[in-house]
Amino acid sequence: MEGSHTVQNDYESLDVHVGQCFGVLVTANQEPKDYFVVASTRFTKGEVIATGVIRYNNGKGAPSPKLPPPPVGWAWSLNQFRTFRWNLTASAARPNPQGSYKYGSINITRTIKLANTAHKVDGKLRYALNGVSYVEPTTPLKLAEYYNVADKVFKYDNIPDDPPSDITKVTMEPIVLNMTHRNFVEIIFENRETAIQSYHLDGYSFFAVAIETGNWSPEKRKNYNLLDAVSRHTIQVFPKSWAAILLTFDNCGMWNIRSEVWDRRYLGQQLYASVVSPNKSLKDEYNMPDGALVCGVVENMPKPPPPYT
């Protein structure tokens with residue numbers, strides 16, 4: 001990498017998760033010369049370190065051979081998460097997914113708590129959310145919804161908003177949450193396992209307001225950051241911990257919420273949120289393209305008239 005960038009604070013560390021194992025350390029605000037970029041394993045028993053070099057066009061001198069030790073354990077990352085804040089005094093544009101960046105004053109209309117588990121079904125490993133492991137239907141979810149035959153493909157809200165007391169028994173089916181357009185929703189990711197988790201939400205940015213150890217309860221809301229939380233798309237959930245996000249489902253469509261640990265997603269740790277325009281307005285969602293391919297139960301059905309105008 002080459003450039004003439006100015007960076008800040010020598011040995012200031014930026015924790016970036018690559019998969020779930022690596023952090024990245026960058027150096028900053030020093031004289032132009034060569035600098036190391038250090039990647040070290042995280043949340044693993046053994047430690048592996050790799051280095052790269054940033055070279056500046058006007059740089060003079062080799063990188064310092066002395067490297068700071070990597071942070072140990074995940075408590076460091078949890079504390080770092082709490083330091084990520086918007087600078088509300090700066091007169092700059094901000095992400096505005098809720099219609100107002102004063103998200104702390106918006107009433108919560110629905111709370112969804114998702115607990116992840118791992119169990120075997122017929123002798124094969126499956127990952128689940130609230131006791132249900134996602135499987136892909138033969139008819140795409142949005143296609144079934146567009147053709148008004150969703151009841152032939154999946155059931156809405158087939159997992160409870162609060163995990164059952166016993167989620168050791170796992171069922172396998174598509175998971176679709178029926179979300180009300182523009183409702184302000186609280187989602188709690190509760191990690192009951194000993195491995196770190198990471199979740200991503202398609203189609204939205206959300207406010208990451210809290211990550212704490214233990215189990216979530218409504219009393220935990222007093223610890224939320226309701227002022228200057230960062231707007232993001234992915235959030236980590238540490239072992240035996242929980243994470244809370246707030247957002248408005250104002251983007252119509254069928255949106256995936258999934259584990260970013262790819263084997264977990266593939267083996268069922270994901271779901272979809274369906275957001276339908278109540279006004280059937282083209283301002284909210286486009287109609288299906290005329291040339292779109294169809295399959296499954298709708299393959300031989302006549303195409304419905306465009307629902308959005």
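All residue numbers in this chain count up from 1 along the given sequence.
- The shortest non-hydrogen separation linking Ser105 to Lys102 is OG-O, 2.9 Å.
- Atom CD1 of Ile211 is separated from atom CD1 of Ile245 by 11.0 Å, given to the nearest 0.5 angstrom.
- Cluster annotation: Met288 is connected to Met301 through the hydrophobic network of ILVMFWY side chains, with a link wherever side-chain heavy atoms come within less than 4.5 Å.
- Using modelled atom types, one side-chain atom of Asn225 and one backbone atom of Asp228 make a donor-acceptor pair closer than 3.5 Å.
- Of the possible donor and acceptor atoms, one in the side chain of Thr109 sits under 3.5 Å from a partner among the backbone N and O of Phe184.
- For Asp157 (side chain) and Asn178 (main-chain N/O), a donor-acceptor pair under 3.5 Å exists by modelled atom type.
- For Arg265, there are no salt bridge (charged side-chain N to carboxylate O under 4.0 Å, His left out) partners at least two apart in sequence or on another chain.
- The hydrophobic cluster containing Val121, built from Ile/Leu/Val/Met/Phe/Trp/Tyr side-chain heavy atoms closer than 4.5 Å, also comprises Val135, Val170, Met172.
- Contact annotation: the side chain of His181 never approaches that of Asn279 to less than 4.5 Å [non-hydrogen atoms, C-beta and beyond].
- Among all heavy-atom pairs drawn from Ala273 and Phe249, the shortest one is CB-CE2, 3.9 Å.
- Looking at heavy atoms from C-beta onward, Tyr204 lies in side-chain contact with Val275 at the 4.5 angstrom threshold.
- Residues that satisfy the salt bridge (charged side-chain N to carboxylate O under 4.0 Å, His left out) test with Arg192, not counting sequence neighbours, are Glu190.
- Between Leu129 atom CG and Arg264 atom CZ the span is 10.0 Å, to the nearest 0.5 Å.
- Taken to the nearest 0.5 Å, the CZ atom of Phe189 stands 5.5 Å off from the CD1 atom of Ile257.
- Two residues are said to be in side-chain contact when any heavy atoms from C-beta on lie closer than 4.5 Å; Tyr103 and Ser231 fail this criterion.
- A salt bridge does not link Asp250 to Arg182: none of the charged nitrogens lies less than 4.0 Å from a carboxylate oxygen.
- Shown here are the side-chain hydrogen bond (donor to acceptor under 3.5 Å, both in side chains) partners of Glu173, two or more places apart in sequence or in another chain: Asn158.
- Of the residues Arg258, Gln269, His233, the one that meets the side-chain hydrogen bond (donor to acceptor under 3.5 Å, both in side chains) test with Tyr199 is Gln269.
- Taking the six-membered ring for Trp and thresholds of 30 and 60 degrees, Trp216 and Trp242 have ring planes more than 60 degrees apart, a perpendicular arrangement.
- Residues Phe207 and Ile108 fall within the same hydrophobic cluster, defined by Ile, Leu, Val, Met, Phe, Trp and Tyr side chains chained together at heavy-atom separations under 4.5 Å.
- With sequence neighbours left out, Thr234 forms a side-chain hydrogen bond (donor to acceptor under 3.5 Å, both in side chains) with His200.
- Applying the side-chain hydrogen bond (donor to acceptor under 3.5 Å, both in side chains) rule to Trp74 yields no partners; only residues at least two apart in sequence or on another chain are considered.
- Evaluation of the side-chain hydrogen bond (donor to acceptor under 3.5 Å, both in side chains) test over residues 280-298, restricted to residues two or more places apart or in two chains, returns Lys142-Glu285, Ser277-Asp284, Glu285-Tyr308, Asp290-Lys303.
- For residues 125-139, no residue pair satisfies the salt bridge (charged side-chain N to carboxylate O under 4.0 Å, His left out) rule, not counting sequence neighbours.
- Residues forming a side-chain hydrogen bond (donor to acceptor under 3.5 Å, both in side chains) with Tyr156 (at least two apart in sequence, or on another chain): Glu145.
- The shortest side-chain heavy-atom distance between Asn116 and Asn191 falls under the 4.5 Å cut-off.
- A heavy-atom distance below 4.5 Å is not found between the side chains of Ser64 and Phe36.
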Return all side-chain donor-acceptor pairs below 3.5 angstrom for residues 160-168, not counting sequence neighbours, or 'none' if the list is empty.
| unit_1 | atom_1 | unit_2 | atom_2 | d |
| --- | --- | --- | --- | --- |
| Asp161 | OD1 | Arg110 | NH2 | 2.9 |
| Asp161 | OD2 | Arg110 | NE | 2.9 |
| Asp166 | OD1 | Thr168 | N | 3.0 |
| Asp166 | OD1 | Thr168 | OG1 | 2.5 |

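- Counting only residues at least two apart or on different chains, the ring pair (Phe, Tyr, Trp, His ring centres under 6.0 Å) pairs with a member in residues 110-136 are Tyr134-Tyr272.
- Scanning both residues, Ala210 and Phe81, for their nearest heavy atoms gives C-CE2, 4.0 Å.
- In this structure, the separation between CD1 on Ile54 and CG on Asp34 is 9.5 Å, given to the nearest 0.5 Å.
- Tracing side-chain contacts under 4.5 Å through hydrophobic residues (I, L, V, M, F, W, Y), one reaches Leu143 starting from Leu177; they form part of the same cluster.
- The two residues Ile188 and Ala244 have their closest heavy-atom pair at CD1-CB, 3.6 Å.
- Here the CD-CD distance, from Glu260 to Gln270, works out to 10.5 Å after rounding to the nearest 0.5 Å.
- There is a path of hydrophobic side-chain contacts, each under 4.5 Å, that joins Leu246 to Leu227.
- Shown here for Thr139 and Val297, the closest heavy-atom pair between the two residues is OG1-N, 2.9 Å.
- Residues satisfying the side-chain contact (heavy atoms from CB on, under 4.5 Å) test with Ser217, not counting sequence neighbours, are Glu219, Lys220.
- A heavy-atom distance below 4.5 Å is found between the side chains of Lys240 and Thr194.
- You'll find the side chain of Ile159 stays beyond 4.5 Å of the side chain of Ile112, heavy atoms only.
- Put simply, NZ on Lys33 and OH on Tyr35 are 5.5 Å apart, with the number rounded to the nearest 0.5 Å.
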Start with the C-alpha gap between Ser198 and Ile196, add the side-chain angles, then the distance that decides, and say whether side-chain contact (heavy atoms from CB on, under 4.5 Å) holds. CA-CA 7 Å; Ser198 180; Ile196 188 172; over 6 Å; no
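- Using a 4.5 Å heavy-atom threshold, the side chains of Leu247 and Leu201 count as touching.
- Nearest heavy-atom pair, Leu267 versus Leu125, reported as atom, atom and distance to 0.1 Å: CD1-O, 3.9 Å.
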